[in-house]
Number of protein chains: 2
Amino acid sequence: MPDPASIPRPDVLAALRACRLWRDASAEAVERLARAARVRDVPRGSRLVTEGDLADEFGVLVAGRAHVFHLGADGKRMLFETMEAGDPVAAVAALAGGRYPANAEATTPATVAWLPRAALWELIETEPAVARAVISDLANRVVNFTSVVQSFSLDVPARLARYLFQRALGVGRPSATGLEIELGMSKGDLAAALGTVPETLSRAFARLRDDGLVEVHGKRVTILDVRALAELGSGYAEE
Amino acid sequence: MPDPASIPRPDVLAALRACRLWRDASAEAVERLARAARVRDVPRGSRLVTEGDLADEFGVLVAGRAHVFHLGADGKRMLFETMEAGDPVAAVAALAGGRYPANAEATTPATVAWLPRAALWELIETEPAVARAVISDLANRVVNFTSVVQSFSLDVPARLARYLFQRALGVGRPSATGLEIELGMSKGDLAAALGTVPETLSRAFARLRDDGLVEVHGKRVTILDVRALAELGSGYAEE
DNA sequence: CGCCTTACTTGACCGCCGTCAAGGTGGCCG
DNA sequence: CGGCCACCTTGACGGCGGTCAAGTAAGGCG
């Protein structure tokens, strides 16, 4: 239980300060959050939120990593997002009210600071900068989701090409033969993020390799033909 | 060009007043919007916004109907949303900045009031009620998109079942043999909304009919087994 | 009233991809 | 050093669904 007189854990305070939703909030407001937070240390694999549960709380990841995913009836996972320290957990659900639209699970030992959904709304009311940041964040999420939905009209190699291209824009580094990137996750996770299974992803990589678009060495991918990759990823298959 | 001295068109003013994003804004603020708006009457089929264009404006549909959709490389449409009078057009893109993530097109003769994206941000800054409404709207959009993405892990009959069930929750009316609904659009549009093509949708309807879940008469659908429909739509296929 | 366009349905075909199965590879620990 | 296990790859196969084609039904207009 939170103790109003206590001094917040320093790691919790630091993580809350780092959260992009209220980066421009006043220091006191963030400290108030930190004191109100219910902090939990959980082992790897813990379920943080469960799809369908009442969304009366949201969290901030203080330490560790987590996945947000949907569990199909057959147990197949569809990965929506990977999160790390400073990222909000289920904040959208807290704003929308109702129920959590997906599951979240710690993929490493993790520390999470839990807050009532009203706390986020209060912050929005009292700090205009927070309202702006929340609106920007939400609007960008909607735009990203639009892109995700569009990508389902592509086949798996094209979806992979799109992912590689987008990632190259973000963290690509020039190398001797092309643009080099690290996959941000295991290939199994990448398969889930692209809405497919490891076997099919493996074939998609083989296809891009055989067509001379990329070279693959474990999680390190060298993009040999950026232009062709971008075209393939936008739905215009080259012949 | 807007004329500051002119009296806004009454239909424009009424549509702006009806827009859910600023329903609780002050009357003066809405009138200011109406005077600033660039109003256009366009014929059926006009492109309102084009995917990839700079998102420097957003609109409010004053009259008529419009579709928001993605155009695949082969010309296939994926329908995201259908809009009517009072609905905002491309407001999310205006908030996110960057470029329009989808296309919008009038499906009837339509009147649109266009506003610069800064006008929406100003309204958010000056009217806290607008900020709240925008955040709620965006959060709900994100939740809905989550559901849409999840549905792509289902086959077409299940996606159709999910749509019918959701619609029954909204506009279903009891009838002699079950719950009766009207499809809100043509079957071709419904196919595009479910991410498929008319032929496959037709087979999906046939399948639900043969399994005794629904009866179909044109755009009027009678749901005979609500429970089975809900189960199928949530991914648990009944045997 | 009859034609024509549009919307929908049904059938045949086939390609993508999910599943099952069998290796292969690398890392960690005893 | 050996063995285990997680991760990945490759092959074979089958089903869902997209495409092409033809046929039917329904609404608009001369």
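We name chains A, B, ... by the order of the sequence lines, and we start the count at 1 in each one.
The CG-P distance, from A:Asp210 to D:dT9, rounds to 13 Å in whole Å. Remark: C1' of D:dC7 and NZ of A:Lys187 are 10 Å apart, rounded to the nearest angstrom. Rounding to whole angstrom units, CG of residue B:Asp155 and C1' of C:dG18 are separated by 13 Å. Computed from coordinates, the A:Lys76 NZ to C:dC17 P distance equals 11 Å when rounded to whole Å. In this structure, NE2 of A:His217 is placed 15 Å from C1' of C:dT25, rounded to the nearest angstrom. When rounded to the nearest whole Å, the span between CG of A:Asp189 and P of D:dC7 equals 9 Å. Protein atom NZ of B:Lys219 is 7 Å distant from nucleotide atom P of C:dC8, rounded to whole Å. Residue B:Arg207 contributes atom CZ, which lies 7 Å from atom P of D:dC16 at whole-angstrom precision.
Using a 4.0 Å heavy-atom distance criterion, B:Asp74 is classed as a sugar-phosphate-only contact.
Along DNA chain C, the nucleotide nearest to B:Ser186 and the one nearest to B:Arg203 differ in position, and the one closer to the 5' end is contacted by B:Ser186. A residue-by-residue look at A:Leu154 and B:Met185 shows that B:Met185 has its nearest nucleotide of DNA chain C further toward the 5' end.
By the neighbour-count criterion of 12 heavy atoms within 6.0 Å, atom CZ of A:Arg9 is densely surrounded, having more than that number from other residues, nucleotides or ligands. Applying the 6.0 Å contact sphere to CZ of B:Arg227 captures no more than 12 heavy atoms from other residues, nucleotides or ligands.
In this model, a donor atom of one side chain and an acceptor atom of the other lie less than 3.5 Å apart for B:Ser147 and B:Arg162. With no hydrogens or angles considered, no side-chain donor-acceptor pair links A:His67 and A:Glu81 at under 3.5 Å. A donor and an acceptor atom, one from each side chain of A:Thr111 and A:Asp41, are located under 3.5 Å apart.
Taking only side-chain nitrogens and oxygens, B:Thr196 comes nearer than 4.0 Å to OP1 or OP2 of D:dG18. For the pair B:Ser202 and C:dT9, the criterion of a side-chain N or O lying under 4.0 Å from OP1 or OP2 is met.
Considering only side-chain atoms of A:Glu199, the nucleotide from C:dG18, D:dG18, D:dT9 that sits closest is D:dT9.
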